[in-house]
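Comments concern the structure below.
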Amino acid sequence: PTRKMPPSASAMDFFQLFVPDNVLKSMVVQTNMYAKKFQERFGSDGAWVEVTLAEMKAFLGYVISTSVSHCESVLSIWSSGFYSNRSLALAMSQARFEKILKYFHVVAFRSSQATHGLYKVQPFLDSLQGSFEAAFRPSQTQVLHEPLIDEDPVFVATCTERELRKRKKRKFSLWVRQCSSTGFIVQIYVHLKEGGGPDSLDALKNKPQLHGMVARSLCRSAAGKNYIIFTGPSITSLTLFEEFEKQEIYCCGLLSSRKSDCTGLPPSMLTNPATPPARGQHQIKMKGNMSLICWYNKGHFRFLTNAYSPVQQGVIIKRRSGEVPCPLAVEAFAAHLSYICRYDDKYSRYFISHKPSKTWQQVFWFAISIAVNNAYILYKMSDAYHVKRYSRAQFGERLVRELLGLEDMSPAH
Ligand SMILES: *[C@@H]1O[C@H](CO)[C@@H](O)[C@H](O)[C@H]1NC(C)=O
Ligand SMILES: *[C@@H]1O[C@H](CO)[C@@H](O)[C@H](O)[C@H]1NC(C)=O
């Protein structure tokens, strides 16, 4: 963390490192402006009064509460069903919440930008990005990947195939650059899949090409910092890694002959030999600082890296078969990958489950979910954690109550 937070810092204080009052105030202004324009066009809405900053916080709090309760409709809070929550419901009427939901906007409409499908949320994403970078310096090792954002892993494991198929397809994919020793998400990239206007990447049917573009975008602010970036097969490519090396960004990626762009790599290293080598054996080919490693462990695994010396030895420890020797690059890759899986297990279940139909709003709530997870990660590294030791779920509940104004926020408590 770049700044020290006091032991008395609240969940809200951590959240507001990323979504400060001035950003919330601009949501207030934009929502009121949109409501005005809407009524000028479609007739006045007698029940509407301008939204205030306190109400905007409560509005966010209600939607964020679905990340803890996992209910799919935020309106259930006011229902009499399983997800009803009287103590939350009392802070605002359902009718008022629905009015704010109807007019909710975060960015001013400008027809000149309307060609870009995310124009209704991009300036917010940019400000969030800036605050992520200002609040935290990531470790040297980072991962580029698509986090599991749609549901918590428990849901995926228990719901039927049909239930999964019935859910609406997302119109965008979300990619992140993530610090692999804390899980803090340093940078977000949203790719619109369709209807994104002329700027959309749809023309890029070629996946590695698209993923190369995603990677360049996610590493825009990573140049010259001596980072080591881990990548999956769809991103790993010699061209991209060489381009990154010029910017002093070093890489270690898994390669697959099916999913990766293998341009420039020696074909002899990409085909499996007729008789498999012994377990833990590897072959290396080098060009400059780049090495292509083919390692055998009941299957051929190929890695491309310029971040580790291929002659340095590492080891993979398997519960059943014990130690399997490997180059250090392979050990490092496995360690960082398993870190990210643990992050997905631990934090993906705290993504907001309320799903609006508009794509820009879905993107907005995913970004807010990431902001809350990042806030918790900073909280855990701060002195404030030693006071109350909130779990991620408790931190979420606490934040909701603070946003709703249900907690005494005076510094004396
Ligand atoms: C290898 O890396 C070093 C620094 O890490 C750099 O100075 C050198 O130019 C690189 N060599 C090649 C062939 O890219
Ligand atoms: C209502 O929601 C709050 C905040 O998420 C939570 O702390 C509380 O346990 C919930 N109450 C009930 C009855 O579910």
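We count ligands from 1, going down the list as the structure has it; atoms in each ligand are counted the same way. Every value quoted in this text rests on a predicted model; they were computed, and no experiment measured them.
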Given the protein's heavy atoms, is any one of them under 4.0 Å from atom 9 (O) of ligand 2? no
Atom 5 (O) of ligand 2 has as its nearest protein heavy atom E397 CG, 3.5 Å
Give a yes/no on ligand 2: does V68 have at least one heavy atom closer than 4.0 angstrom to it? no
In the protein, which heavy atom is nearest to atom 12 (C) of ligand 2, and how far is it? N85 ND2, 3.4 Å
Does F18 form a side chain to side chain contact (heavy atoms under 4.5 Å, CB included) with I368? I'd like the steps, not just the answer. CA-CA 9 Å; F18 309 129; I368 291 286; over 6 Å; no
Ring center gap for Y250 and F244 short of 6.0 angstrom: no
State yes or no: are the ring centers of F124 and W360 separated by less than 6.0 Å? no
Heavy-atom side-chain proximity of L17 to M5 below 4.5 angstrom: yes
